[in-house]
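Hydrogens, waters and symmetry mates are skipped; everything else that's a heavy atom, side chains included, is used. The model shown is predicted, which means the values in this text are computed figures rather than measured ones.
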Amino acid sequence: MKRRIVPLRLRIASARPRPRTLGRLALAAAIVAGGLTAGAVAAPAAIAAGTTYYIDSATGNDAAAGTSPATAWKSLAAATSRTFAAGDSILLARGGAWSGQLAPKGSGASGAPITISAYGTGAAPSISGAPLATGGAVQLENQSWWTIENLAITNNSGTDNFGATTEAGSSRPRSDASPRNCSA
């Protein structure tokens, strides 16, 4: 539940005492019950932990939920067709191999990036962009706050192999996309 912050106006009591009314008592009780006091600001809502999705090229099923290793998706297309939210993770099975493009949608947030990584044991998951006419094997376009790690990515489409490494309309490098421990 998202809290809405409403400015609280306090009136300084005059020297003359005034009788308390039920309305004022109810307001005071509401303030105390809500945890607010004069001048206090509610803490920002905590960011949800997010959902972890799994992809397994050997035993997955694109019609499955994708939310556990036992219900993993099979193809990159299953993840590409969805929009992910802050804190979500997309985990590819170690030892798995895919051809094509992983182009998931959505953006993370500061402190809650969307992560693409590996799970299980064995060799790093491999994504080959060889069949692509353009673009990267892992393609993020106009998206923010992603971490990509522990993957083996090969790509030689001949055009735009690395996707955008700058912010749209700018030559400034993106600072919120973090590829780590990936091999080519």
Side-chain angles (χ1 to χ4, degrees), residues 1-5 34-35 41-129 131-132 135-155 160-168 173-184:
M1 181 171 94
K2 190 173 181 178
R3 282 192 170 173
R4 182 174 172 214
I5 307 290
V41 176
I47 295 175
T51 302
T52 300
Y53 297 92
Y54 298 83
I55 307 174
D56 188 329
S57 64
T59 63
N61 177 349
D62 286 346
T67 53
S68 73
T71 64
W73 298 322
K74 185 173 188 76
S75 71
L76 300 177
T80 295
S81 68
R82 288 170 171 78
T83 300
F84 297 91
D88 284 353
S89 295
I90 304 166
L91 303 181
L92 286 75
R94 288 189 172 276
W98 294 265
S99 287
Q101 185 177 68
L102 175 60
K105 293 172 261 335
S107 288
S110 176
I114 299 171
T115 300
I116 301 173
S117 191
Y119 75 96
T121 59
S126 171
I127 301 175
S128 170
L132 300 175
V138 177
Q139 183 85 15
L140 302 174
E141 189 171 339
N142 296 323
Q143 294 165 262
S144 301
W145 300 107
W146 283 78
T147 298
I148 304 167
E149 60 188 9
N150 303 316
L151 305 176
I153 302 169
T154 56
N155 199 71
D160 191 24
N161 287 336
F162 299 102
T165 56
T166 59
E167 291 185 16
R174 294 192 76 90
S175 60
D176 52 3
S178 305
R180 298 188 299 223
N181 195 27
C182 293
S183 61

Checklist line | Any donor-acceptor N/O pair, Q143 side chain to G106 backbone, under 3.5 Å | finding: yes

Sorted by chain and residue number, the side chain to side chain contact (heavy atoms under 4.5 Å, CB included) partners of A78 (sequence neighbours excluded) come out as D62, W73, S75, R82

Which of I114, D88, T83, L140 passes side chain to side chain contact (heavy atoms under 4.5 Å, CB included) with P104? It is L140

Nearest heavy-atom contact between G96 and S57 is CA-OG, 3.3 Å

Separation between CD1 (I153) and CD1 (I127), nearest 0.5 Å, reads 5.5 Å

Heavy-atom nearest pair, A137 first then S128, reads CB-C, 4.4 Å

CD1 of I148 to CG of N150, rounded to nearest 0.5 Å, is 11.5 Å

Is the backbone N or O of T52 less than 3.5 Å from a side-chain atom of S89, with the two atoms forming a donor-acceptor pair by type? no

For T80, the side chain to side chain donor-acceptor pair (under 3.5 Å) test, sequence neighbours excluded, returns none

Distance col, row Y119:OH vs I90:CD1, nearest 0.5 angstrom, shows 13.0 Å

Nearest heavy-atom approach of E149 to T115 is OE2-CG2, 3.9 Å

Interatomic distance, CG@L91 vs OH@Y53, rounded to 0.5 Å, equals 11.5 Å

Worksheet item: Is it true that a side-chain atom of W145 and a backbone atom of G87 form a donor plus acceptor pair closer than 3.5 Å?
Response: no

Could you check whether any side-chain N or O of Q101 sits under 3.5 Å from a backbone N or O of G129, counting only pairs where one atom can act as donor and the other as acceptor? no

* Asked: Does P125 offer a backbone N or O that forms a donor-acceptor pair with the side chain of W98 under 3.5 Å?
  -> no

In terms of heavy-atom contacts, A124 and A152 come closest through CB-N, 4.1 Å

CG (L76) and OG (S81) are apart, to the nearest 0.5 Å, by 11.0 Å

S68 meets the side chain to side chain donor-acceptor pair (under 3.5 Å) criterion, sequence neighbours left out, with T71

Taken to the nearest 0.5 Å, the spacing of L151 CG from S126 OG works out to 9.0 Å

